Amino acid sequence: MQKILVTGNGPLHGEVAVSGAKNAVLPILCATLLTEEPVTIRNVPNLHDVQTTRKVLEGLGAKVTTDEKVFGTGLESFMTVDSSTVNSHIAPYELVKTMRASVLVLGPLLARYGEAEVSLPGGCAIGSRPVDLHIKAMQSLGAEVVVEHGFIKAKAKGARLVGAHHSFDIVSVGATENALMAAVLAEGTTILDNAAMEPEIVDLADCLIAMGASIIGHGTSRIEIHGVESLHGATHDVVADRIECGTFLVAAAMSRGKITTTHSRPETMDAVLDKLREAGAEITIEGDRITLDMKGQRPKAVDVTTAVHPAFPTDMQAQFMALNCIAEGVGIIRENIFENRFMHVSELQRLGADIKVEGHTAIVRGVDQLSGAPVMATDLRASASLILAGLVADGETLVDRIYHLDRGYENIEAKLQGLGAKIKRVD
Ligand code: EPZ
């Protein structure tokens, strides 16, 4: 079981390149099932979740090719998926249980083949993660869905799914993505109301449009899709990962440093950049480069309330909690998206943080100095917050169970080493 050893080592400085977005590339890989022509996706990050999605696609019979020499090296890192050889519509439990995003093959399989059997993903550390909204959307589009023996079994009633006007009870990124992918080949027009507006939804829609889909309104709460007979091959560059980018910027703010992120998409990060400014950072934007400069100052505590895009993203909550742990003042953190996304609190407390949790609210009182200690990662973004805390703690912090981290951060220790951090992977 690998661990990461971090030693507090002063302000970060330098440049770091942001990778393609995990939460965009996963649905986009699933979208390749919608055409029998090859689809090439570039700027694919080398993440554990990407490898799992590849296994799901290959398990369905698709052929996935890449060039190991360039895989995980930025824009040139590509995956080409040829789903003309797909011969199954069953996404197995052993893969789905390791990555709940596998449920995103439901919409494409239904749209392309008229049927799908996807294992129920089950919960994870941050919550029960139900899929009822996905199922309701498929039913709106004319699928019969039964859940039995741990599987979602869906079948189009007619030869094709049928367009519909569907409104989501609550905003859901994944359910919006599944509905979008199901609707592009449905008969007639689909309107999705109360749709998620995350940049990763926009990126998925842009890829589908490149494949010949007819979509408008993506990025707003109402998406309109006109079904087409078939989609064709395309090449698509994955949008930059706003959460990875935000994580590095918070690391720089906590360490009182100055860094520049490159290959970024600042226009997808308004809420996070505003919070960093509120914490005292000077932020300069030049195209795809974001420079954060703390001018050697301790960050000020900030209040954070997570909500759907374009409000403050839940995936940045743990990172800002780490910042508040060492900030000047008291920061209040409210988590409104997931029911159990404070797993990092007890581990941060092991490092000397002063945090009180009351329901979905955490009151964080900044301390002058954290002290390094062995800690345990529980989920992806919690792992990141422990790394960030270790960067500024006195002494060594050993983070265990870092397989959580590898799901969503590409070469994080190499990237942080490049910014001057003392960090390494140990067995
Ligand atoms: C996506 O998860 C992201 N994952 C998550 O990122 C992110 O935190 C989340 O969106 C919110 O932005 C990927 O894109 C692969 P939701 P998703 O459906 O789609 C409830 C990370 O760290 N809900 O928008 O699963 C759900 O329980 C990960 O990169 C239902 O009740 O999130 C949650 O409370 C973590 N029924 C809320 O909706 C459903 O059918 C929002 O979940 C679906 C969701």
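The model shown is predicted, which means the values in this text are computed figures rather than measured ones.
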Using a distance-only test with no angle check, is there a side-chain donor-acceptor pair under 3.5 angstrom linking [X] and [Y]?
X: T66; Y: R54; answer: no
X: D193; Y: H165; answer: yes
X: E15; Y: T260; answer: no
X: H344; Y: Q317; answer: yes
X: E335; Y: T314; answer: yes

Would you call [X] and [Y] a side-chain contact if the rule is heavy atoms closer than 4.5 Å?
X: I326; Y: R298; value: no
X: L323; Y: L388; value: no
X: P121; Y: V131; value: yes
X: L26; Y: E177; value: no
X: H134; Y: S172; value: yes
X: R425; Y: I402; value: yes
X: Q319; Y: I243; value: yes
X: N178; Y: P108; value: yes

#### Entry: Member of V399, L398, I423, T397 meeting the side chain to side chain contact (heavy atoms under 4.5 Å, CB included) criterion with L5
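Single side chain to side chain contact (heavy atoms under 4.5 Å, CB included) partner of L5 among V399, L398, I423, T397: L398.
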### Task
Could you check V96 against V103 for side-chain contact (heavy atoms from CB on, under 4.5 Å), going step by step and ending with a plain yes or no?
CA-CA 7 Å; V96 177; V103 73; 5.5 Å; no
So, the side chain of [X] versus the backbone of [Y]: is there a donor-acceptor pair under 3.5 Å, distance only?
X: N194; Y: S167; result: no
X: R42; Y: E76; result: no
X: N336; Y: T306; result: yes
X: T35; Y: E37; result: yes
X: Q349; Y: I355; result: yes
X: N46; Y: F71; result: no
X: S119; Y: F151; result: no
X: T220; Y: R222; result: yes
X: H13; Y: G257; result: no
X: E347; Y: M376; result: yes

Rounded distance [0.5 Å steps], [atom1] in [X] versus [atom2] in [Y]:
X: T305; Y: F312; atom1: OG1; atom2: CZ; value: 9.5 Å
X: E282; Y: T291; atom1: CD; atom2: OG1; value: 9.0 Å
X: K3; Y: Y403; atom1: NZ; atom2: OH; value: 12.5 Å
X: D82; Y: T65; atom1: CG; atom2: OG1; value: 8.0 Å
X: L180; Y: I215; atom1: CG; atom2: CD1; value: 4.5 Å
X: D49; Y: T53; atom1: CG; atom2: OG1; value: 6.0 Å

So does [X] pair up with [Y], basic N to acidic O under 4.0 Å?
X: R242; Y: E200; answer: yes
X: R341; Y: D315; answer: yes
X: R334; Y: D303; answer: no
X: E58; Y: K55; answer: no

### Query
Of K22, R381, K415, which is the lone residue that meets salt bridge (charged side-chain N to carboxylate O under 4.0 Å, His left out) with E244?
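Answer to the salt bridge (charged side-chain N to carboxylate O under 4.0 Å, His left out) test with E244 among K22, R381, K415: K415.
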### Task
Might you confirm whether atom NE2 of H263 has over 12 heavy atoms from other residues, nucleotides or ligands at distances under 6.0 Å?
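Open.
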### Message
More than 12 heavy atoms of other residues, nucleotides or ligands under 6.0 Å from NE2 of H48: yes or no?
### Response
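For H48, atom NE2 is not crowded (no more than 12 foreign heavy atoms under 6.0 Å).
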Specify the closest pair of heavy atoms between [X] and [Y], including all atoms of both residues, with the distance to one decimal.
X: A327; Y: A301; result: CB-N, 3.4 Å
X: G359; Y: V357; result: O-CG1, 3.5 Å
X: V18; Y: A240; result: CG1-CB, 4.1 Å
X: A393; Y: S371; result: CB-C, 4.0 Å
X: A252; Y: M294; result: O-CG, 4.0 Å
X: L110; Y: A143; result: CD1-CB, 3.7 Å

#### Entry: R112/S83 under side-chain hydrogen bond (donor to acceptor under 3.5 Å, both in side chains): CA gap, chis, key distance, verdict
CA-CA 10 Å; R112 175 92 182 281; S83 67; 3.2 Å; yes
### Query
L276 and F320: side-chain contact (heavy atoms from CB on, under 4.5 Å), yes or no, with the steps?
CA-CA 9 Å; L276 286 165; F320 270 83; 3.8 Å; yes
### Message
For R350 and S346: C-alpha separation, side-chain torsions, deciding distance, then whether side-chain contact (heavy atoms from CB on, under 4.5 Å) applies.
### Response
CA-CA 6 Å; R350 283 182 49 74; S346 50; over 6 Å; no
### Query
Under the side-chain contact (heavy atoms from CB on, under 4.5 Å) criterion, do V118 and S102 qualify, and how do the steps go?
CA-CA 8 Å; V118 182; S102 313; 5.5 Å; no
